[in-house]
Amino acid sequence: MSNPSVDGQHAELRPSLGSLRLWGIAVGLVISGDYFGWSFGWAQAGTLGFVVTSVLVAAMYTAFIFSFTELSTAIPHAGGPFAYAREAFGPLGGYVSGIATLVEFAFAPPAISLAIGAYLNVQFPGLDPKLAATGAYIVFMALNVIGVEIAASFELVVTLLAIFELLVFMGVVSPGFAVGNFLKGGWSGQDAFSIASVPGMFAAIPFAIWFFLGIEGVAMAAEEVKNPRRSIPLAYIAGILTLVALAIGVMLFAGAAGDWTTLANINDPLPQAMKRIVGERSGWLHMLVALGLFGLVASFHALILGCSRQLFALARAGYVWPWFAKVHPRFRTPHRAVFASGAVGIAAIYSDELVSIGGQSLTATIVTMSTLGAITMYIISMAALFRLRRTQPGLHRSYRTPFYPVLPAFALVGAAVCLAALAWFNLAVTGLYVAVMGLGLVYFHLTRSQREAMGEAAIQLPAGPAVAPEQI
């Protein structure tokens, strides 16, 4: 793969990751979605309506990951979706996909860092949550700069602890489990067949996506994987199966533990559900609050990694300021991109009152912005898969999408429906998203001469055995 020189230094990352640590990144990127954010979907669709939405979104994500893995292994590049779209559709397609991915990975960390601050404030009431959130950024920026191997090992540990905590939660609330609690008032309309239930299901889409948002970030660590053609498929497939199982378990046990309506529209549904069973003074509750930090930290840390790698890849290609593409001379990590990502997040922490728009809470606004970026990227990526199958049949594909073309077509159509629903039910946030993308395109066109001066290098794809078109 070609890695153009930036600022006089060869911009290469150090490959050091294996399958297990990559799985830790895949699950860790997403697992905070089991702790908060998803319960807003109950407020829109009811428990049963949200189950329908979540099952359809989970099916879309499963189809997407089984398809996306082909792109990740065929083009192991730190830019991930940016690189695939650029190869399929040229510089403009690559830029749109790259900026959409950057929006996805830039908007979630500030909310998670504030949640970390809130958890710490519960344990230490004198601690300012915003100060704690800023401290979290500083710590995990430093960890990402020191080296991806250390960062990924840490990610694996906190991800395992976060999974353990979710299993403990399910076990502790199980004595109060009653299916009737989950079923009561489960539809936003009169019943499942009422047309009045349908708008709520569509409105709940961003909160179902929150269960899985970010798993595609594994692709952005591809240049730091020892054997990407083997490790990436294993990590992705094991990761999506792990996340589907956890999402079902958390939602079912939380909703069946009592009156689920009291858990909708709050940021801490798990502690509140557990409080009904064990009481406010229980050691189990305090353990959940303490261990809850691991789930938040796992996603926060992994999202910083993904955001910085996407910024690094765009800068290395000259699509954003090339200064961000320089790697640390000792640790071989994109330290400038890490610090820039953190600076944006810290600024958001102290301007959170300005982020909430369209009558939504800060958390709901950030979730919606992130999902708009993600779904845009999903659509472009699936279109890139179809195009590359047609235009580059000889591309070495160590992993090939099963049930092609049905699976990627299902993911593409599902993503398009999700994008339409997101835009329809979130006009104000969608307007902000379109404005951000529009400003990005203006920058892209204004800096064309800069990219030409750098000699915009094509992504060098590894050669493989020739494949006849009829075999694709």
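Position 1 is the first residue of the sequence; numbering continues from there.
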Check the surroundings of atom CZ in Phe202: do more than 12 heavy atoms from other residues, nucleotides or ligands lie under 6.0 Å from it?
no
Expected output: side-chain Thr333 to main-chain Val145 donor-acceptor under 3.5 Å
yes
Less than 4.5 Å apart, any side-chain heavy atom of Gln392 and any of Glu87?
yes
Return the minimal non-hydrogen interatomic distance between Val297 and Ile116, and the atom names on each side.
CG2-CD1, 4.1 Å
Determine, using ring centers only, whether Trp321 and Phe324 are less than 6.0 Å apart.
yes
Run the ring-centre check on Tyr319 versus Phe444 and record whether the distance is less than 6.0 Å.
yes
Residue pair Phe105 / Gln310, side-chain heavy-atom distance below 4.5 Å:
no
Flag the pair Phe89 / Tyr84 as yes when their ring centroid distance falls below 6.0 Å, and as no otherwise.
no
Glu165 vs Tyr35 side-chain heavy atoms within contact, under 4.5 Å
yes
How long is the gap from OG1 on Thr62 to CZ on Phe410, to the nearest 0.5 Å?
9.0 Å
Would you say Ser54 and Met251 make side-chain contact, with heavy atoms under 4.5 Å?
yes
Can you check whether Phe68 reaches Leu385 side chain to side chain, under 4.5 Å on heavy atoms?
no
Near-ring test Phe140/Phe154, centroid separation under 6.0 angstrom
yes
Smallest separation among heavy atoms of Ala415 and Met60, with atom names:
N-SD, 3.4 Å
Sidechain-backbone polar pair: Thr53 side chain, Met201 backbone, donor-acceptor under 3.5 Å:
yes
Output yes when a side-chain donor or acceptor of Thr69 lies under 3.5 Å from a complementary backbone atom of Ile65, and no otherwise.
yes
For Trp23 and Thr242: C-alpha separation, side-chain torsions, deciding distance, then whether side-chain contact (heavy atoms from CB on, under 4.5 Å) applies.
CA-CA 10 Å; Trp23 169 84; Thr242 302; 3.4 Å; yes
For Leu412 and Ile379, which heavy atoms make the closest approach, and how far apart are they?
CD1-O, 3.6 Å
Verify ring pair (Phe, Tyr, Trp, His ring centres under 6.0 Å) between Phe64 and Phe212, making sure each step is shown before the conclusion.
CA-CA 11 Å; Phe64 172 76; Phe212 309 102; over 10 Å; no
Under the criterion salt bridge (Lys or Arg N to Asp or Glu O under 4.0 Å), I'd like the reasoning laid out for Glu70 against Arg400: C-alpha separation, chi angles, the key distance, then a yes or no.
CA-CA 5 Å; Glu70 178 176 316; Arg400 298 174 71 82; 5.8 Å; no
side-chain contact (heavy atoms from CB on, under 4.5 Å) between Thr430 and Trp424, intermediate numbers included
CA-CA 9 Å; Thr430 302; Trp424 179 260; over 6 Å; no
Honestly, is Arg86 close enough over Tyr95, meaning NZ or CZ under 6.0 Å from the six-membered ring centre and within 45° of the axis?
no
When rounded to the nearest 0.5 angstrom, what is the spacing between CG in Leu372 and CD in Glu104?
10.5 Å
When rounded to the nearest 0.5 angstrom, what is the spacing between NE2 in His328 and CG in Asn144?
13.0 Å
Verify, without hydrogens or angle tests, whether Thr159 (side chain) and Gly24 (backbone) share a donor-acceptor contact under 3.5 angstrom.
yes
Keeping Ser381 on the side-chain end and Tyr378 on the backbone end, is there a donor-acceptor pair under 3.5 Å?
no
Going by atom types only, do Tyr433 and Thr368 share a side-chain donor-acceptor pair under 3.5 Å?
no
Tell me whether the count of non-hydrogen atoms from other residues, nucleotides or ligands lying under 6.0 Å of CZ in Phe403 goes above 12.
no
Return the CG to OG1 distance between Leu314 and Thr101, rounded to the nearest 0.5 Å.
8.0 Å
Evaluate the side-chain proximity of Ser153 to Arg21: yes if any heavy-atom separation is below 4.5 Å, no if none is.
yes
Does the Arg397 side chain pair with the main chain of Leu395, one donor and one acceptor, at a distance under 3.5 Å?
yes
Determine, stepwise, if the pair Met141 / His335 fulfils side-chain contact (heavy atoms from CB on, under 4.5 Å).
CA-CA 8 Å; Met141 283 191 296; His335 60 300; over 6 Å; no
For the CD atom of Gln44 and the CZ atom of Phe50, what is their distance to the nearest 0.5 Å?
10.0 Å
Can you confirm whether Tyr137 sits close enough to Phe300 that some side-chain heavy atom of one is under 4.5 Å from a side-chain heavy atom of the other?
yes
For residues Phe211 and Trp38, establish whether the separation of their ring centroids is below 6.0 Å.
yes
Derivation and outcome, side-chain contact (heavy atoms from CB on, under 4.5 Å), residues Ile163 and Leu166
CA-CA 5 Å; Ile163 292 173; Leu166 293 176; 5.6 Å; no
If you round to the nearest 0.5 Å, how far is CG of Leu296 from OG of Ser113?
10.0 Å
Taking all non-hydrogen atoms of both residues into account, name the closest pair between Ile112 and Ser32 and its distance.
CD1-OG, 3.5 Å
Return the minimal non-hydrogen interatomic distance between Leu102 and Cys307, and the atom names on each side.
CD1-O, 3.8 Å
Where is the tightest heavy-atom contact between Ile75 and Leu388, given as atom of each residue plus distance?
CD1-CD1, 4.0 Å
Hey, are the side chains of His301 and Ser299 touching, using non-hydrogen atoms and a 4.5 Å cut-off?
no
So, Tyr236 side chain and Glu216 main chain: donor-acceptor pair closer than 3.5 Å or not?
yes
